[in-house]
Amino acid sequence: MLPLSLFLLSLLPAALAVGTPFGQATGTTGGGSATAATPSSLAELTTWLSDSTARTIVLTSVFDFTSNEGTTTGKICKPWTCSPNPQLAIDQNSWCENYEADAATGTATYYTAGLTPLKVASNKTLLGKGSNAGIKGKGLKITGASNIIIQNIRITDINAQYVWGGDALQIDGGSYIWVDHNYFQHIGRQMVVTGYGAVTHTTFSNNVFNGQGTYSATCNGCHYWAAYFTGSGDVITFALNYMYMTSGRGPKLGGTSGYYQDIHIYNNYFVSVAGHAIDPGTGSKVLVEGNYFNTVTTPILSDSGEFYFPQTSSEASACSSSLGRSCVTNTLLSSGSVSGAVANALNGFTDSVSKGISPMAASAVGAYVQANAGVGIVN
């Protein structure tokens, strides 16, 4: 009798990522022509993701790591005193003492798996089949790897009550990475985050960031820690994503002196953001075009980074001198106003990829993203 993994492999002879990587991820091939295979256990998935073999890994169900490594009981603090259901913070690396010394403390028990993400090595394609395949209770981590595709998977339920309970996707240095058509929800810390290593040639597209949940740092049922790009030279496309019921870091950019981040944010649909969406910090240059902000308290913060956010035809036309094309205006519906944009931000987007992008009109974004983002659309 064939082993289960070989039997499943025989059923998946032609599984490939759907579509073509675009934006900064152009040219990414992932596992390439490697024969598709479905892991038969948590252990096999762990090994396949981290080994040095080019692979196309197809998940046909949810791989639940939640209780696989048991639980940990340790110190926590309570930085947020709002109500109802504030998140608590695990005292990871003495965070409570160093940053919230005045907060009340206690102990709590949480799942260990969330704190130890799955390593993803180079030359991997990770695909979900259908609308209910993915990873639960544990995230993914890319460290200095390249040529990776992650498409059509759910990553959910990682110690959602606890900040520092785990990220859904960490990338600390890497290139040629396409994160497409995925779904993130109920995450303790960041849904996606870069570390201090530069992340280049990378695109986040067609993903759903669902911030609706019981626990929140802002006590309003909206997740604060959506996305954070802070590497030493991040160059990222963030396009066609659905940012729903978040309250901050959607995304946060920069923040470290001497680092830079050039982030192109276009054709995303921001809905019911009870706080701020985009937060450009120190070192970041952000081009925000063709997005639709629907009921967003603060679409973009005027922080220490530089951003260009065209709202009029003249502001859109001003892009021509840097990009060789006009930008596409953003739309604000029942949302806060935006000011503080600077044309100097466009200097981060003079490369051929940024110049060659043709965003759709913001008026078309809502319908398009709702119909096309998330799982079950491809594969």
Side-chain angles (χ1 to χ4, degrees), residues 22-24 203-206 209 226-227 229 234-243 246 248-254 260-273 275-370 373:
F22 65 94
Q24 292 297 336
T203 296
F204 295 87
S205 57
N206 299 293
F209 298 88
F229 303 140
D234 289 353
V235 181
I236 293 171
T237 300
F238 191 84
L240 304 168
N241 300 292
Y242 192 0
M243 193 71 71
T246 60
R249 294 191 173 184
K252 178 176 175 60
L253 315 160
Y260 74 90
Q261 303 80 28
D262 296 336
I263 314 296
H264 193 178
I265 299 175
Y266 71 89
N267 286 160
N268 300 283
Y269 191 37
F270 297 84
V271 181
S272 299
V273 176
H276 66 265
I278 304 165
D279 180 2
T282 301
S284 63
K285 285 183 169 60
V286 192
L287 173 56
V288 185
E289 60 172 328
N291 300 281
Y292 199 106
F293 296 85
N294 183 348
T295 318
V296 176
T297 304
T298 305
I300 188 166
L301 292 176
S302 293
D303 204 337
S304 51
E306 297 179 341
F307 67 89
Y308 197 71
F309 190 110
Q311 299 178 73
T312 66
S313 58
S314 61
E315 290 172 343
S317 297
C319 293
S320 296
S321 60
S322 297
L323 275 67
R325 65 170 178 85
S326 292
C327 285
V328 177
T329 56
N330 300 284
T331 293
L332 305 174
L333 175 68
S334 301
S335 297
S337 60
V338 173
S339 61
V342 294
N344 189 60
L346 294 171
N347 293 337
F349 304 94
T350 58
D351 59 289
S352 60
V353 171
S354 301
K355 289 181 175 181
I357 287 172
S358 299
M360 72 179 80
S363 59
V365 166
Y368 180 90
V369 169
Q370 288 181 90

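Bear in mind the structure is a predicted one, so any value in this text is a computation, not a measurement.
Using a 4.5 Å heavy-atom threshold, the side chains of L287 and L346 count as touching. Side-chain contact check for I300 versus P280: some heavy-atom pair is nearer than 4.5 Å. By the 4.5 Å heavy-atom criterion applied to side chains, F204 and I265 are not counted as neighbours.
Remark: the backbone N or O of T297 is not paired with any side-chain donor or acceptor of S335 at under 3.5 angstrom. A distance-only check finds no donor-acceptor pair linking the side chain of S354 to the backbone of T350 [under 3.5 Å]. For the pair S334 (side chain) and T295 (backbone), a donor-acceptor distance under 3.5 Å is absent. Side chain of E289 to backbone of V328: a donor-acceptor contact under 3.5 angstrom is found. No donor-acceptor pair closer than 3.5 Å links the side chain of D262 to the backbone N or O of V235.
Every residue two or more places apart in sequence or in another chain that forms a side-chain contact (heavy atoms from CB on, under 4.5 Å) with V353 is listed here: Q24, D351, I357. With sequence neighbours left out, the ring pair (Phe, Tyr, Trp, His ring centres under 6.0 Å) criterion links Y308 to no other residue.
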Verdict with supporting geometry, Y242 and Q370, side chain to side chain contact (heavy atoms under 4.5 Å, CB included): CA-CA 7 Å; Y242 192 0; Q370 288 181 90; 4.1 Å; yes
Start with the C-alpha gap between F238 and M243, add the side-chain angles, then the distance that decides, and say whether side chain to side chain contact (heavy atoms under 4.5 Å, CB included) holds. CA-CA 11 Å; F238 191 84; M243 193 71 71; 3.8 Å; yes
Can V286 and Q261 be said to form a side chain to side chain contact (heavy atoms under 4.5 Å, CB included), step by step? CA-CA 8 Å; V286 192; Q261 303 80 28; over 6 Å; no
Between L332 and F309, is the side chain to side chain contact (heavy atoms under 4.5 Å, CB included) condition met? List the steps. CA-CA 11 Å; L332 305 174; F309 190 110; 4.0 Å; yes
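Among residue pairs with one or both ends in residues 280-352, those qualifying as disulfide bond (SG atoms under 2.5 Å apart) are C319-C327; sequence neighbours excluded.
The nearest pair of heavy atoms linking A226 to G250 is CB-CA, 4.2 Å. Of all heavy-atom pairs spanning S302 and S339, the tightest one is OG-O, 3.0 Å.
Residue I278 forms a side chain to side chain contact (heavy atoms under 4.5 Å, CB included) with just one option from T298, V288, V338, V296, and that option is V288.
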